[in-house]
Amino acid sequence: MNGKVIVTGGTGYIGSHTAVELITAGFEVVIIDNLYNSDISVLDGIRSITGVTPKFYDYDLCDSQKLEEVFGAEGKVDAIIHFAAYKAVGESVRKPLEYYRNNLTSLMNLLEAMERHNTTALVFSSSCTVYGQPDTLPVTESSPVKDAASPYGYTKQAGEVIIRDTMASRPGQKAISLRYFNPIGAHPTAFIGELPRGVPENLVPYITQTAIGLREELKVFGTDYDTPDGSCIRDYLHVVDLAKAHVVALKRLLGGENKANYEVFNLGMGKGVSVLEAIAAFGKATGVRLNYSVTGRRAGDIEKIWADPSLANRELGWKAGISIEEAMETAWRWENKLKNKKS
């Protein structure tokens with residue numbers, strides 16, 4: 001066993017895929033999740049893939065007393081991977097205080113618990129939203145952190161600063177922030193995938209729900225941006241590629257390979273894909289024609305962003321390799337599995 005890892009938000013989309021990769025790599029996984037935006041059935045999916053059901057606590061990280069109970073029950077915890085957060089850009093514009101309270105209180109409670117219980121390593125789920133609308137592309141880790149376009153983005157900026165300053169004050173602890181670009185797709189087994197509550201805020205589950213008939217049509221928010229086809233551009237990477245990066249980052253921290261007590265890495269394919277190109281990739285991968293229409297821009301959206309992932313490629317030995325067509329195909333397989341479960 002490589003060690004015990006608490007995965008917060010571990011029944012969520014990225015958290016569940018990372019739990020699978022951690023178990024496969026020989027780690028003991030303990031999940032804390034209040035199921036605000038996930039479902040307990042995800043544990044069955046993790047077991048179906050790995051043969052292991054992680055220990056699970058249905059707790060809210062904003063309750064420091066409950067968090068203390070977990071650490072008391074689990075004994076020595078080697079590391080934490082912190083995913084648990086509200087994460088929808090559009091919703092954060094509508095509900096800013098909920099985002100600030102939830103995302104920052106939970107993080108500070110975790111950092112306090114780490115000190116009390118001598119947990120030395122933290123991997124933080126950050127986001128390319130910290131860069132706002134970059135002046136130059138692709139984005140490197142030294143690109144300026146600009147005014148975020150949404151309260152969600154500000155919580156990731158503030159979270160990184162809180163972790164950086166905390167690590168600077170604690171010589172025995174270390175952390176890595178992973179700035180994701182846009183994760184898509186599902187596990188190739190279709191046992192786990194993206195499971196949004198209500199109307200999806202992210203593009204790909206809205207595409208698959210529209211294609212399968214749950215939504216009447218996909219709305220493309222704006223085609224008047226300064227991009228080749230007028231729609232927003234993002235860097236889409238497969239969620240399994242992203243999950244594997246967390247295992248590599250964790251091993252770097254636990255193995256003492258980190259070059260500083262706080263490091264930051266971009267995780268992306270290194271290629272920009274527009275919304276209209278993503279729709280075309282779905283059609284190419286599945287043969288399904290999508291019903292969509294164009295509407296006005298959405299508050300909080302930036303125009304274009306994609307990563308320069310060369311630092312992660314070099315330092316972590318990690319590289320995203322699954323194509324957008326394959327990612328779309330796995331997302332479609334997952335959507336069909338969900339439909340068959342309900343019918």
Side-chain angles (χ1 to χ4, degrees), residues 2 5 7-9 13-15 17-19 21-22 25 27 78-85 87 103 107 110-111 120-132 134 136-146 148 152-153 155-168 173-185 234-272 305-322:
N2 279 329
V5 184
V7 180
T8 73
Y13 176 42
I14 306 169
H17 286 81
T18 301
E21 297 303 323
L22 287 166
F27 288 94
D78 298 286
I80 294 170
I81 302 183
H82 182 40
F83 294 104
K87 65 177 182 62
N103 291 7
L107 172 62
L110 264 182
L111 288 167
T120 57
L122 172 70
V123 178
F124 179 58
S125 162
S126 192
S127 166
C128 67
T129 57
V130 302
Y131 297 114
T136 57
L137 291 165
V139 174
T140 70
E141 289 78 0
S142 58
S143 296
V145 170
K146 300 172 67 175
Y152 165 72
T155 68
K156 290 304 182 183
Q157 288 183 356
E160 286 196 15
V161 171
I162 289 166
I163 294 167
R164 181 199 68 199
D165 292 348
T166 303
M167 294 302 116
Q173 291 186 340
K174 47 202 172 181
I176 289 176
S177 286
L178 298 176
R179 292 174 177 167
Y180 317 156
F181 282 67
N182 290 70
I184 60 171
R234 297 291 182 268
D235 185 334
Y236 297 101
L237 74 158
H238 195 281
V239 67
V240 172
D241 278 337
L242 178 58
K244 288 177 177 176
H246 292 76
V247 180
V248 175
L250 190 62
K251 287 180 174 177
R252 180 180 179 86
L253 291 172
L254 296 176
E257 298 159 27
N258 50 302
K259 295 184 177 175
N261 71 337
Y262 178 66
E263 295 179 303
V264 173
F265 296 99
N266 286 340
L267 299 180
M269 286 287 284
K271 178 186 176 189
I305 189 168
W306 62 91
D308 176 351
S310 56
L311 185 67
N313 298 163
R314 185 173 67 249
E315 288 292 322
L316 299 178
W318 170 89
K319 188 174 176 62
I322 301 172

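- Expressed to the nearest 0.5 Å, how far CG of Leu242 lies from CD1 of Ile184 amounts to 11.5 Å.
- The two atoms that bring Gly321 and Met269 nearest to each other are N-SD, 4.3 Å, heavy atoms only.
- The environment of NZ in Lys244 is sparse: at most 12 heavy-atom neighbours from other residues, nucleotides or ligands sit within 6.0 Å.
- Neither side chain, Thr166 nor Tyr262, offers a donor N or O lying under 3.5 Å from an acceptor on the other.
- Listed by chain and number, the residues in a ring pair (Phe, Tyr, Trp, His ring centres under 6.0 Å) with Tyr131 amount to none (sequence neighbours excluded).
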Output, in order, the C-alpha distance, side-chain angles, deciding distance and verdict of side chain to side chain contact (heavy atoms under 4.5 Å, CB included) for Leu311 and Thr140. CA-CA 8 Å; Leu311 185 67; Thr140 70; over 6 Å; no

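- Counting only distance, with no hydrogens or angles, the side chain of Asp235 and the backbone of Ala307 share a donor-acceptor pair below 3.5 Å.
- Within the structure, salt bridge (Lys or Arg N to Asp or Glu O under 4.0 Å) contacts touching residues 259-268 (residues at least two apart or in different chains) are Arg252-Glu263, Lys259-Glu315.
- Taking the six-membered ring for Trp and the full ring otherwise, the centers of His17 and Phe83 sit at least 6.0 Å from each other.
- Across all their heavy atoms, Ala84 and Gly9 have their closest contact at CB-N, 3.6 Å.
- By the salt bridge (Lys or Arg N to Asp or Glu O under 4.0 Å) test, Glu21 pairs with no residue at all, sequence neighbours left out.
- Contact annotation: the side chain of Val5 never approaches that of Val123 to less than 4.5 Å [non-hydrogen atoms, C-beta and beyond].
- The CD1 atom of Ile176 sits 6.5 Å away from atom CG of Asn258, with the distance rounded to the nearest 0.5 Å.
- Within the 4.5 Å cutoff, the side chain of Thr120 has no heavy atoms near those of the Asp78 side chain.
- Side-chain atoms of Asn266 come within 3.5 Å of backbone atoms of Val139 as a donor-acceptor pair (strictly under, hydrogens ignored).
- Atom CZ of Arg179 is separated from atom OG of Ser125 by 12.5 Å, given to the nearest 0.5 angstrom.
- Between His82 and Leu122, the shortest heavy-atom contact is CB-CD1, 4.0 Å.
- Only one option out of Tyr152, Tyr180, Phe181 pairs with Ser127 in a side-chain contact (heavy atoms from CB on, under 4.5 Å); it is Tyr152.
- Between Asn261 and Gln173, the shortest heavy-atom distance links the atoms CB-O, 3.6 Å.
- Put simply, the side chain of Met167 reaches to within 4.5 Å of the side chain of Leu111, judged on heavy atoms.
- Taking CG of Leu178 as the reference point, atom CD of Glu160 lies at 9.5 Å (rounded to 0.5 Å).
- A donor-acceptor pair under 3.5 Å is absent between the side-chain atoms of Tyr236 and the main chain of Lys271, judged by distance alone.
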Is there a side chain to side chain contact (heavy atoms under 4.5 Å, CB included) between Leu254 and Asn2? Walk through the geometry before answering. CA-CA 9 Å; Leu254 296 176; Asn2 279 329; over 6 Å; no

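- The two residues Val240 and His238 have their closest heavy-atom pair at N-ND1, 3.0 Å.
- Atom OG1 in Thr18 sits 12.0 Å away from atom CZ in Phe27 (nearest 0.5 Å).
- With rounding to the nearest 0.5 Å, the separation of CD in Gln157 from OG1 in Thr129 is 7.0 Å.
- Contact record, Ile322 with Asp241: N-OD2, 3.0 Å, taken as the closest heavy-atom pair.
- Remark: the backbone N or O of Leu253 is paired with a side-chain donor or acceptor of Lys174 at under 3.5 angstrom.
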